[in-house]
Amino acid sequence: MFQYYDEERKVKPCEPVSIRDFISQPDGDVQGWFNEYIKYGGITEIHDIVPYYELKENAKLQEYAESEKEKQLKRIAEGACEYFCDFNHLYNHRDVKRFFRAVARSAGGTVSPYKLKCDLLNDEDSVSDLRDNTVKKYLELLCMNGIAYRVPVYDPKKAKLKINMSMYYFTDVGLAKAYNGRAYGKRQLYLSLICSELMKHDVSLYNAFYVTSQLGEDKKPHRATKSVDFVIVDESQVTVAIQVIPKYHAEEVKENCHAMKLLGPDCRKIIVTEPDEETVSKIRYNCPDNVDVMDIISFLGR
């Protein structure tokens, strides 16, 4: 749950609806609800303007609804940022807005305070420098205030965290898109949705990043880095590994399967892709039998 200022500058709490609950509503089709969620997220104040099931074939109503929902999403995003500043006694609102935007754009990539500071230096609105400790403080407050989730980077080979490396996802994909200021790719969307859903189940969620060795063309072992988007860890053991592959690419499927294979035979392995039967079939055909291939809607609704 996070809080924001409404139009009258009153503080309002907000608990975004999980995508699982959203797509399970009785009126309308699942694909339609899913598309609506990835447009505006799960904030009920936005969907109450004109519920999705009332749009049907009314083009004028749909145009009106889209315009009003975009405006409301922007208001809530700005209100959340303003409240974040006031609640935490942060007075440089412009830098905080730049920080929110940088975090939103980093979705799907590992972040350290230093790296994020460098991203902020290259921002088009950059007028002042932020120190590493300031960025670190902002990241901690972002999670403490319920606006974002932190997914630590974990080395499953050494069973330890990588210090100062994490991934950050906003608790609502609508907020992330509002702060981002540009279109989210499918991979960023899917990762954000999966993170939010898994975090609601209170699991020990990490991004796996580790070094291994593999034979090169010269038949000699070489160091190679492997990454798995999400892993669930129980008592230092990886129990579930999840890779997101929005589109079918043979080499990407091969690399991702190899990265999960190295986590051990007892780990459940899942690849999540777009809701398209042909894509699911192609990926499944090129995966080992012990890898589950699911489209994003099936994964989130299971």
Side-chain angles (χ1 to χ4, degrees), residues 2 4 16 19 37-43 70 73-85 88 90 92-153 162 164-197 199 205-207 209 227 229-230 243-247 272 274 296:
F2 64 91
Y4 70 95
I19 187 167
Y37 196 97
I38 62 176
K39 276 185 183 179
Y40 309 111
I43 301 173
E70 289 287 352
L73 178 58
K74 186 176 180 180
R75 287 191 203 107
I76 292 175
E78 290 177 351
C81 187
E82 290 296 318
Y83 179 78
F84 175 84
C85 292
N88 296 293
L90 306 175
N92 195 338
H93 288 205
R94 184 170 180 179
D95 277 345
V96 173
K97 287 180 180 179
R98 288 172 50 223
F99 164 76
F100 271 53
R101 182 166 59 204
V103 174
R105 292 178 178 177
S106 74
T110 55
V111 170
S112 68
Y114 175 77
K115 181 180 182 299
L116 198 57
K117 181 195 76 170
C118 294
D119 290 343
L120 288 165
L121 282 173
N122 296 324
D123 187 89
E124 59 266 25
D125 294 332
S126 177
V127 292
S128 60
D129 297 348
L130 290 176
R131 297 181 179 180
D132 294 13
N133 286 340
T134 302
V135 174
K136 183 178 180 181
K137 175 186 174 184
Y138 285 179
L139 287 170
E140 290 173 352
L141 291 173
L142 201 66
C143 299
M144 288 173 60
N145 287 211
I147 298 176
Y149 294 119
R150 173 176 175 258
V151 180
V153 175
K162 289 186 175 289
N164 284 335
M165 291 179 66
S166 298
M167 290 184 169
Y168 292 87
Y169 297 95
F170 280 90
T171 53
D172 181 72
V173 72
L175 279 184
K177 292 175 74 174
Y179 293 130
N180 183 36
R182 60 179 73 159
Y184 250 24
K186 280 186 179 180
R187 177 174 169 76
Q188 285 183 305
L189 279 171
Y190 292 0
L191 287 170
S192 298
L193 294 173
I194 291 171
C195 176
S196 294
E197 186 59 36
M199 284 296 193
L205 190 66
Y206 301 90
N207 165 256
F209 187 86
S227 177
D229 293 322
F230 295 116
Q243 292 280 33
V244 173
I245 306 177
K247 290 283 187 181
V272 181
E274 65 178 343
I296 183 71

To check you understand the geometry: which heavy-atom pair defines the closest contact between [X] and [Y], and what is its length?
| X | Y | answer |
| --- | --- | --- |
| Gly42 | Tyr37 | CA-CE1, 3.4 Å |
| Val173 | Leu189 | CG2-CD2, 3.4 Å |
| Leu175 | Ala77 | CD2-CA, 3.7 Å |
| Asn164 | Pro113 | O-CD, 3.9 Å |
| Gly174 | Leu73 | O-CD2, 3.6 Å |
| Pro16 | Phe2 | CG-CE2, 3.9 Å |

Does Ser106 reach the main-chain N or O of Gly109 with its side chain, forming a donor-acceptor pair under 3.5 Å?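 Between the backbone of Gly109 and the side chain of Ser106 there is no qualifying donor-acceptor contact (under 3.5 Å).
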Could you tell me whether the side chain of Thr171 and the main chain of Ile147 form a donor-acceptor pair under 3.5 Å?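 Yes.
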May I ask you to decide if the ring planes of Phe100 and Tyr179 are parallel, tilted or perpendicular, using 30° and 60° as cut-offs?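 Geometry flag for Tyr179 against Phe100: perpendicular rings.
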[X]: partners by salt bridge (Lys or Arg N to Asp or Glu O under 4.0 Å), with sequence neighbours left out:
| X | result |
| --- | --- |
| Lys136 | none |
| Lys74 | none |
| Arg187 | Asp229 |
| Glu78 | none |

What's the verdict on side-chain contact (heavy atoms from CB on, under 4.5 Å) for Val96 and Cys81, showing C-alpha distance, side-chain angles and the deciding distance? CA-CA 8 Å; Val96 173; Cys81 187; 4.0 Å; yes
Could I get the full list of side-chain hydrogen bond (donor to acceptor under 3.5 Å, both in side chains) partners for Lys247, not counting sequence neighbours?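 Checked Lys247 against side-chain hydrogen bond (donor to acceptor under 3.5 Å, both in side chains); matches are Glu274.
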Apply side-chain hydrogen bond (donor to acceptor under 3.5 Å, both in side chains) to Glu82 and list each qualifying residue two or more places apart in sequence or on a separate chain.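 Counting only residues at least two positions away or on another chain, Glu82 forms a side-chain hydrogen bond (donor to acceptor under 3.5 Å, both in side chains) with His93.
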Roughly how far apart are [X] [atom1] and [Y] [atom2], rounded to 0.5 Å?
| X | Y | atom1 | atom2 | answer |
| --- | --- | --- | --- | --- |
| Cys85 | Arg94 | SG | CZ | 13.5 Å |
| Ile296 | Glu197 | CD1 | CD | 9.5 Å |
| Asn207 | Met167 | CG | CE | 3.5 Å |

Stepwise side-chain contact (heavy atoms from CB on, under 4.5 Å) test for Val151 and Cys195: CA-CA 8 Å; Val151 180; Cys195 176; 3.7 Å; yes
Test side-chain contact (heavy atoms from CB on, under 4.5 Å) applied to Phe170 and Lys177, step by step: CA-CA 9 Å; Phe170 280 90; Lys177 292 175 74 174; over 6 Å; no
List the residues meeting side-chain contact (heavy atoms from CB on, under 4.5 Å) with Ala107, not counting sequence neighbours, and say none if there are none.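 Expected list: Tyr169, Tyr184, Gln188, Ser192.
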Any residue meeting side-chain contact (heavy atoms from CB on, under 4.5 Å) with Lys162, in chain and number order, not counting sequence neighbours: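 Lys162 satisfies side-chain contact (heavy atoms from CB on, under 4.5 Å) with Val153, Asp155, Met165, Phe209 once adjacent residues are dropped.
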[X]: what forms a ring pair (Phe, Tyr, Trp, His ring centres under 6.0 Å) with it, not counting sequence neighbours?
| X | answer |
| --- | --- |
| Tyr190 | none |
| Tyr206 | Tyr154 |
| Tyr4 | none |

Using a 4.5 Å cut-off on heavy atoms from C-beta on, say whether the side chain of [Y] contacts that of [X].
| X | Y | answer |
| --- | --- | --- |
| Met199 | Ser196 | no |
| Val272 | Ile194 | yes |
| Ile43 | Asp172 | yes |

Tell me which donor-acceptor pairs under 3.5 Å the side chains of residues 138-146 have, and how far apart each pair is, sequence neighbours excluded?
from: Asn145; atom 1: OD1; to: Asn88; atom 2: ND2; distance (Å): 2.8
from: Asn145; atom 1: ND2; to: Leu141; atom 2: O; distance (Å): 3.0

